[in-house]
Amino acid sequence: MSEPVLTIVVPCYNEEEVLPETIRQLRELREQLVRERLISERSALLFVDDGSRDATWTIIYKASLHYPEVKGVKLAHNAGHQNALLAGLFSAKTRSDCIISIDADLQDDVSVIRQFVQKFHEGYEIVYGVRNRRDTDTFFKRHTAQGFYRMMKAMGVHLIYNHADYRLMSRRAVEELERFEEANLFLRGIVPLLGFRSTVVYYDRKERLAGETKYPLKKMISFALDGITSFSVTPIRFISMIGLVSFFVSLLFGAYFLFLKWTGHTQTGWTSLITSIWLLGGLQLIAFGLIGEYIGKIYKETKRRPRYIVDLDLFNLPLPRSSSFHEEPRRTESLPGGST
């Protein structure tokens with residue numbers, strides 16, 4: 001097999017603190033792989049700015065001026081991590097033989113990209129990066145994540161255990177992925193459905209080099225619900241939460257009313273009536289909320305809105321000469337964060 005054209009896709013959102021180091025490490029790795037004749041000289045790094053509010057796009061653009069292998073795609077607004085990842089995959093597929101997706105925070109070990117490429121040479125079209133262990137996670141995150149994987153497995157959803165979005169996909173796999181037109185694409189569940197020959201590569205996840213996590217508890221809960229229902233509707237989830245609160249409050253009041261009954265401070269029948277009303281009311285709201293999740297999913301699908309809007313694509317379009325981002329001189333400008 002001749003050297004394949006590899007594109008490394010990196011979705012970015014407010015990553016100005018870590019991005020210069022990410023660019024440096026990925027450029028060095030790309031150069032090593034080219035020297036080893038594992039990938040083509042036409043291989044590139046594609047950074048997708050997901051509507052960042054900091055200097056993320058400025059760093060990407062200046063790096064593209066300094067280094068021809070660095071490219072950028074700028075989304076018109078924040079579309080979410082998964083949609084930014086899709087934007088990069090679909091932009092890169094026409095000029096790539098294989099595509100690797102990796103987060104910008106450098107927690108995923110970039111050195112195992114070499115093993116990804118080697119597996120691609122062996123004929124695998126999808127290679128999953130799987131964590132050896134979750135020692136860097138908090139106790140809460142580690143056990144909730146494991147519980148999520150077990151729950152999805154019990155529901156019949158095939159997920160790769162301890163795999164996030166660090167993977168290699170062949171161009172054919174990405175082309176087939178593009179045929180999935182649902183508005184909310186849960187990649188960790190969809191990619192295994194493609195059915196192409198796949199394997200895993202194990203690695204140790206590192207601590208975040210700089211910046212703050214883009215997945216706090218609220219987003220992790222939302223992501224988990226999206227994985228189960230393939231969509232999220234905030235008002236309906238609020239109703240579900242009301243149902244849960246009503247259910248647990250009914251248990252507390254039930255215990256309180258039983259206490260009143262035992263002490264002789266209430267009338268016969270009142271305790272069971274009030275407890276049953278609270279209990280059934282809470283359960284009904286929970287049920288309505290779960291049904292609403294699926295109705296919301298149908299509602300989102302029927303609108304057929306685009307997943308993302310591309311503002312500027314430096315990967316597939318030539319750079320406009322009149323661009324306001326043009327910097328002079330071209331080779332002596334330093335990147336924000338100290339990189340050159």
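What you are looking at is a predicted structure, and each value in this text was computed from that prediction instead of being measured.
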Participant: Does any non-hydrogen side-chain atom of Ile8 lie less than 4.5 Å from one of Ile102?
Facilitator: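 When only atoms from C-beta onward are counted, Ile8 and Ile102 do touch, with a gap below 4.5 Å.
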Participant: Mind running salt bridge (charged side-chain N to carboxylate O under 4.0 Å, His left out) on Lys93 and Glu175 for me, showing each step along the way?
Facilitator: CA-CA 7 Å; Lys93 67 179 177 60; Glu175 289 174 345; 5.3 Å; no
Participant: Less than 4.0 angstrom from a charged side-chain N to a carboxylate O is my criterion; do Arg114 and Glu36 meet it?
Facilitator: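 Glu36 and Arg114: salt-bridged.
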Participant: Taking the six-membered ring of Tyr203, is NZ or CZ of Arg131 closer than 6.0 Å to its centre and within 45° of its axis?
Facilitator: no
Participant: Which of these, Arg167, Arg172, Arg171, sits in a salt bridge (Lys or Arg N to Asp or Glu O under 4.0 Å) with Glu125?
Facilitator: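 With Glu125 as partner, Arg167, Arg172, Arg171 yield a single salt bridge (Lys or Arg N to Asp or Glu O under 4.0 Å), made by Arg172.
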Participant: Establish, from distance only, whether the side-chain atoms of His81 and Asp103 form a donor-acceptor pair under 3.5 Å.
Facilitator: yes
Participant: Among Leu168, Ile100, Leu38, which residue meets the side-chain contact (heavy atoms from CB on, under 4.5 Å) test with Ile113?
Facilitator: Ile100
Participant: Quick one: do Val5 and Met169 end up in the same hydrophobic cluster if we chain Ile, Leu, Val, Met, Phe, Trp and Tyr together by side-chain heavy atoms under 4.5 Å apart?
Facilitator: no
Participant: Just so I know, are the side chains of Tyr13 and Asn78 near enough to count as touching, which here means a heavy-atom distance under 4.5 Å?
Facilitator: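 Counting from C-beta outward, Tyr13 and Asn78 do come under 4.5 Å.
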Participant: Would you please indicate if the ring centroids of Tyr166 and Phe116 are separated by under 6.0 Å?
Facilitator: yes
Participant: Is Asp109 paired with Arg205 through a side-chain N to carboxylate O contact shorter than 4.0 Å?
Facilitator: no
Participant: Answer whether the closest heavy-atom distance between the side chains of Arg307 and Leu86 falls below 4.5 Å.
Facilitator: yes
Participant: One thing to verify: whether Lys206 and Asp204 come together as a salt bridge, which I'm taking to mean a side-chain N less than 4.0 angstrom from a carboxylate O.
Facilitator: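 No.
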Participant: What I want to check is whether the side chains of Gln25 and Glu21 have a donor and an acceptor closer together than 3.5 Å.
Facilitator: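 Their side chains do contain a donor-acceptor pair, which is all the 3.5 Å distance test asks for.
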Participant: Kindly indicate whether the side chain of Cys12, heavy atoms from C-beta on, has any atom under 4.5 Å from the side chain of Val10.
Facilitator: yes
Participant: Applying side-chain contact (heavy atoms from CB on, under 4.5 Å) between Val48 and each of Val310, Leu85, Val9, report the one that passes.
Facilitator: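 It is Val9; the other options fail the test.
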Participant: Look at the aromatic rings of His163 and Tyr128 and report parallel, tilted or perpendicular, splitting at 30° and 60°.
Facilitator: perpendicular
Participant: Take a 6.0 Å sphere around CZ of Phe196 and say whether it holds more than 12 heavy atoms from other residues, nucleotides or ligands.
Facilitator: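 Correct, the count exceeds 12.
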